[in-house]
Amino acid sequence: MAAGDLLVRIGAIVFLVGAVGTLATVAPLLLGTHTLPTPAYFVSMLMGVGLAIALCGLLRSALAQRQSTREHVRS
């Protein structure tokens with residue numbers, strides 16, 4: 001497993017939870033029913049958090065790959 005793989009996986013899971021939360025909060029608005037309580041809207045903010053976690057994992061993987069390439073070139 002590479003350096004940032006776990007962060008990317010965790011970020012994807014958090015993003016998906018946020019996406020489901022977003023669908024759950026938008027659906028009542030489109031269907032004309034009662035809106036959900038405020039904490040449901042905070043769950044939809046997890047999309048951005050998950051994206052940030054996944055991007056940090058990608059950055060970590062890229063930096064680790066760059067470092068291993070530099071070490072390989074030096075030897």
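Along the sequence shown, residues carry numbers from 1.
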Minimum-distance pair of heavy atoms, taken over all atoms of Val14 and Leu46: CG1-O, 3.5 Å

Any link between Leu58 and Ile53 through a network of hydrophobic side chains (Ile, Leu, Val, Met, Phe, Trp, Tyr) touching at under 4.5 Å? no

How long is the gap from CZ on Arg60 to CG on Leu6, to the nearest 0.5 Å? 8.5 Å

Pair Val20, Leu16 - check side-chain contact (heavy atoms from CB on, under 4.5 Å), show working. CA-CA 6 Å; Val20 170; Leu16 288 175; 5.7 Å; no

Any side-chain to backbone donor/acceptor pair from Ser61 onto Gly4? Under 3.5 Å, distance only. yes

Say whether Met45 and Leu36 are linked into one hydrophobic cluster, either directly or through other cluster members, by side-chain heavy-atom distances under 4.5 angstrom. no

If you count heavy atoms of other groups shown closer than 6.0 angstrom to OH of Tyr41, is the number above 12? yes

Measure across Met47 and Ala19 and return the closest heavy-atom pair with its distance rounded to 0.1 Å. CG-N, 3.3 Å

Closest heavy-atom contact between Thr22 and Ser44? OG1-CB, 3.2 Å

How many angstroms lie between atom CD of Gln67 and atom CD of Glu71, to the nearest 0.5 angstrom? 5.0 Å

Could you state the interatomic distance from OG1 (Thr25) to CG (Leu30), rounded to the nearest 0.5 Å? 9.5 Å

